[in-house]
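Excluded from the calculations below are hydrogen atoms, water molecules and symmetry mates; all remaining heavy atoms, backbone and side chain alike, are included. Numbered from 1 within each chain, the chains take letters A, B, ... in sequence-line order.
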2 protein chains.
Amino acid sequence: MPKSGARLKDVAELTGFSVNTVSLALRDSPRIPDDTRDRIKAAADQLNYLPNQVAKSLVSRETRAIGLILTDMQNPILTNVAQSVERKLAARGYTTLFATSNNNQEEEVRMIDAFRARRADGMLIFPFRHGDLDHIRRLRNNNYPVVLLVGDLDAGIDAVSMDERAGASKATGHLLATGHRRIALIDGGSALGNPEKMDGYRSAHQAAGIPVCDELLINPAGHSVETGYWAMDLLVKSRHDFSAVFATNDSLALGIIRYCKKHAIKVPEDLSVVGFDNTEFGAFAETALTTVSYDVERITSLAVDRVLDLIAHKTGLPDPRIIQLEPDLLVRESSAKAASAQ
Amino acid sequence: MPKSGARLKDVAELTGFSVNTVSLALRDSPRIPDDTRDRIKAAADQLNYLPNQVAKSLVSRETRAIGLILTDMQNPILTNVAQSVERKLAARGYTTLFATSNNNQEEEVRMIDAFRARRADGMLIFPFRHGDLDHIRRLRNNNYPVVLLVGDLDAGIDAVSMDERAGASKATGHLLATGHRRIALIDGGSALGNPEKMDGYRSAHQAAGIPVCDELLINPAGHSVETGYWAMDLLVKSRHDFSAVFATNDSLALGIIRYCKKHAIKVPEDLSVVGFDNTEFGAFAETALTTVSYDVERITSLAVDRVLDLIAHKTGLPDPRIIQLEPDLLVRESSAKAASAQ
DNA sequence: CCCGGTTGTATTAACGTTCGCCCTGAGACA
DNA sequence: TGTCTCAGGGCGAACGTTAATACAACCGGG
């Protein structure tokens, strides 16, 4: 801490009151007469006094800080969530501590411990592996307020999220309904233990009575636009037939469209492309992206409310509540009827 | 703080040693014999002890936390910077406190105070108004380590940034050199007191001996893709002639291209578009964007080094150092020779 | 056998706040 | 005059840690 600035003690010495009186005055205690309060406040201003939140936290045993753990900040939807969370927390007087696990389980654990050491009052987490939550459950069992931002219905941990399974199912269903029969899936999640979107993809096929072809399941080497581009390259070079691609986020989908442009594949005439998350870059892409909505405002609003609510429960956490929001399919320009169905 | 977990005292009681011995042992003091140390560490593990960083900060007078203030998290280049800063700081044992000013001077001041109250050891700031830095200079004069992420050569504050003026000049110069004579500028910065890019635009014109037409200067209502779209709408409806547009960030440029697509303006045949920042979304856009580079890695690396360096100066800050990196122009598909010059 | 130096551990005070309780003086009231 | 009440304010402890110092036991050397 740089030259720590003025302390209560300094204000006390300047005004001649005791530290205690100064503290009370600055917090507008009714026990302090108006003119005393005004004199003290004037002195505090003069010294540019700012209460030391560290000392305050030590005695009050709360930091008014919430940890937010993201898997990655390249994904615009995550940064939108981060911004929204930060603003909502700031409005309630909380600071956001923020870390990225960089899609790495060990980092995630390390970050959680770092926040715990800093005594963050609670945490909001995008877990890296949705199915591997023991470390987080342990937190909760220790009475630590945690809210996940992906839903695992039986993890026993509070969560607020979009229903990714339903969203993927809707997206796939849309393609099937428009006559596509061989739909590639570009999904980095399932290999990492996050099967929700692939589940939705499969269930839509099943509901339509159409088999899934495993050779159309591609695992990109990441979640970025560029990895989408190269995943498409892989897919095309595998020489399997397909008329549509469902990518599990908008960035991947945009990379796919870029690939198509470079290789003279027309979207949507030759190939339909569907993304996920409804980012601005997809909505205003040259070929506007068909995608699945992500309700940033509602998610963050519910999640922030929930974690603050958990914090307010001084004596033991209530039973976990899992909220899954139903996403909408947004049909735009990147998908169309299959040629064979026209 | 949720049920605060085990304290030094608890470990002490469990092992029979004093609090002080436990503290020493856990920090591997040479004064503690090996078997004592091991017994104490085992007990600490058993209790799931984690040192209370709040108490530690109070006595050590350092928090090992750095505040990062962004203007806005929708801009991918800022989130890239944020991620990079966070990772570099984490590697050095620092936590990132993070806030967005949401392009609002009052918020910026509020956030700075919040970080100051939390005794962040230093701050990295993207100031909202590059020319209005009194509140930040005051910090520095108070011996607070601050590094700006935009460069103001004579603010008297440390800074690391791209040379935006030079970048804008290169971009404009490229358009002029390829025969464009009426180049629109879509720039939200100059109206807010950040004139660097417009300065570069003007100086390139001057160097080429070509006058700037004020009717081609458009102020978009933000920095997003959508605001780029609507700024273009405004520009087109103004019915002035132009053959190129320089937008001050990639998002705006992408919005412009979307507009063109929808209104049958061919890019680059009918219109050249140049962006700024070199985001992935521009690089892999359907029409790959000509843009100006932003060296995230170098900027964050220099900025983090610098702020840590300032923190290490216990006795007074050294003279400010301003580093401006020279950006490169990346010519891609969205710009081409002016039709009249072909 | 005493002295000085190790070695291992304990005691105490700080860091800047807040909280609970106590003290003092003045006026009200019997 | 003595007692009570209340307003205004002070004192000391606590939060969990670290740093400085103190102490106690042991050891070897003269």
Side-chain angles (χ1 to χ4, degrees), chain A residues 1-41 43-44 47-65 93 114 116-121 314, chain B residues 1-41 43-44 47-65 116-121 314:
Chain A
M1 278 180 276
K3 289 207 64 182
S4 229
R7 298 153 303 168
L8 239 26
K9 193 178 170 197
D10 300 316
V11 181
E13 278 165 9
L14 184 60
T15 54
F17 291 102
S18 76
V19 166
N20 195 309
T21 304
V22 172
S23 171
L24 289 173
L26 292 177
R27 285 178 296 149
D28 291 315
S29 159
R31 301 199 47 180
I32 308 292
D34 289 1
D35 70 324
T36 303
R37 173 167 44 71
D38 294 346
R39 273 193 1 248
I40 290 178
K41 286 199 172 181
L47 293 176
N48 198 11
Y49 170 80
L50 256 191
N52 184 329
Q53 184 64 44
V54 173
K56 220 158 155 169
S57 293
L58 186 58
V59 30
S60 69
R61 322 187 59 146
E62 63 165 22
T63 53
R64 293 190 84 78
R116 205 154 64 85
R118 288 188 186 276
R119 296 323 195 246
D121 292 341
K314 290 291 170 201
Chain B
M1 282 180 273
K3 292 206 65 182
S4 229
R7 298 152 304 166
L8 239 26
K9 194 179 170 198
D10 300 314
V11 181
E13 278 165 8
L14 183 60
T15 54
F17 291 101
S18 77
V19 164
N20 189 277
T21 305
V22 172
S23 170
L24 255 17
L26 292 177
R27 284 178 296 148
D28 291 315
S29 159
R31 303 196 49 180
I32 307 293
D34 289 1
D35 69 324
T36 304
R37 173 169 42 71
D38 293 345
R39 281 205 340 261
I40 289 178
K41 284 199 173 179
L47 292 176
N48 198 13
Y49 171 80
L50 256 190
N52 184 329
Q53 184 65 44
V54 173
K56 220 157 154 170
S57 295
L58 185 58
V59 33
S60 70
R61 320 187 61 141
E62 64 166 20
T63 52
R64 294 191 81 78
R116 206 155 64 85
R118 288 187 185 277
R119 296 325 195 242
D121 292 340
K314 290 290 169 198

**Asked** Does any non-hydrogen side-chain atom of B/Arg64 lie less than 4.5 Å from one of B/Glu62?
**Response** yes
**Item:** Near-strand residues of residues 30-39 of chain A, defined as heavy-atom separation under 4.0 angstrom from DNA chain D
**Value:** A/Arg31, A/Pro33, A/Thr36
**Prompt:** Between C/dA10 atom C1' and B/Lys9 atom NZ, what is the distance in whole Å?
**Reply:** 16 Å
**Asked** Is the phosphate of C/dG16, meaning OP1 or OP2, less than 4.0 Å from a side-chain N or O of B/Arg61?
**Response** yes
**Message:** Quick check: do B/Arg116 and A/Asn48 have side-chain heavy atoms less than 4.5 Å from each other?
**Reply:** yes
**Distance below 4.0 Å between B/Arg7 side-chain N/O and D/dG16 OP1 or OP2** = yes
**Asked** Which nucleotide in the set D/dT17, C/dG16, C/dT18 lies at the smallest distance from any side-chain heavy atom of B/Tyr49?
**Response** D/dT17
**Request:** Choose from C/dT18, C/dT17, D/dG16 the nucleotide whose nearest atom is closest to any side-chain atom of A/Ala55.
**Result:** C/dT17
**Request:** Take atom CG of B/Leu8 and atom C1' of D/dT18, then tell me their distance rounded to the nearest Å.
**Result:** 9 Å
**Asked** At under 4.0 Å, does any side-chain N or O of A/Ser23 touch on OP1 or OP2 of C/dT18?
**Response** yes
**Asked** Any Lys/Arg nitrogen of B/Arg61 or B/Asp121 sitting under 4.0 Å from an Asp/Glu carboxylate oxygen of the other?
**Response** no
**Asked** Residues two or more places apart in sequence or in another chain: which of them pass side-chain hydrogen bond (donor to acceptor under 3.5 Å, both in side chains) with B/Asp34?
**Response** B/Arg37
**Asked** In degrees, rounded to 10°, what is the bend between the two ends of the helix from C/dC1-D/dG30 to C/dA30-D/dT1, using five pairs at each?
**Response** 70°
**Request:** Report yes if a side-chain nitrogen or oxygen of B/Ser18 is closer than 4.0 Å to either non-bridging phosphate oxygen (OP1 or OP2) of C/dA10; otherwise report no.
**Result:** yes
**Asked** Mind checking what makes side-chain hydrogen bond (donor to acceptor under 3.5 Å, both in side chains) contact with B/Asn20, not counting sequence neighbours?
**Response** none
**Asked** Of all the nucleotides listed (C/dT18, D/dT18, C/dA10), which has the minimum atom distance to the side chain of B/Thr21?
**Response** C/dA10
**Asked** Rounded to the nearest 0.5 Å, how far does CZ of B/Arg118 lie from OG of B/Ser57?
**Response** 11.5 Å
**Request:** Mark yes or no for a side-chain to base donor-acceptor pair under 3.5 Å between B/Asn20 and C/dT12, with no hydrogen or angle criteria applied.
**Result:** no
**Prompt:** Taking only residues two or more places apart in sequence or in another chain, which ones pass side-chain hydrogen bond (donor to acceptor under 3.5 Å, both in side chains) with A/Asp38?
**Reply:** none
**Request:** Starting from C1' on C/dT17, measure out to CZ on B/Arg118 and report it in whole angstrom.
**Result:** 15 Å
**Complete:** Residues passing the side-chain hydrogen bond (donor to acceptor under 3.5 Å, both in side chains) test with B/Ser29, sequence neighbours excluded, are none
**Item:** Protein-nucleotide distance (A/Leu58, atom CG; C/dG16, atom P), rounded to Å
**Value:** 12 Å
**Asked** Can you find a pair of side-chain heavy atoms, one from A/Ile40 and one from A/Phe17, that are under 4.5 Å apart?
**Response** yes
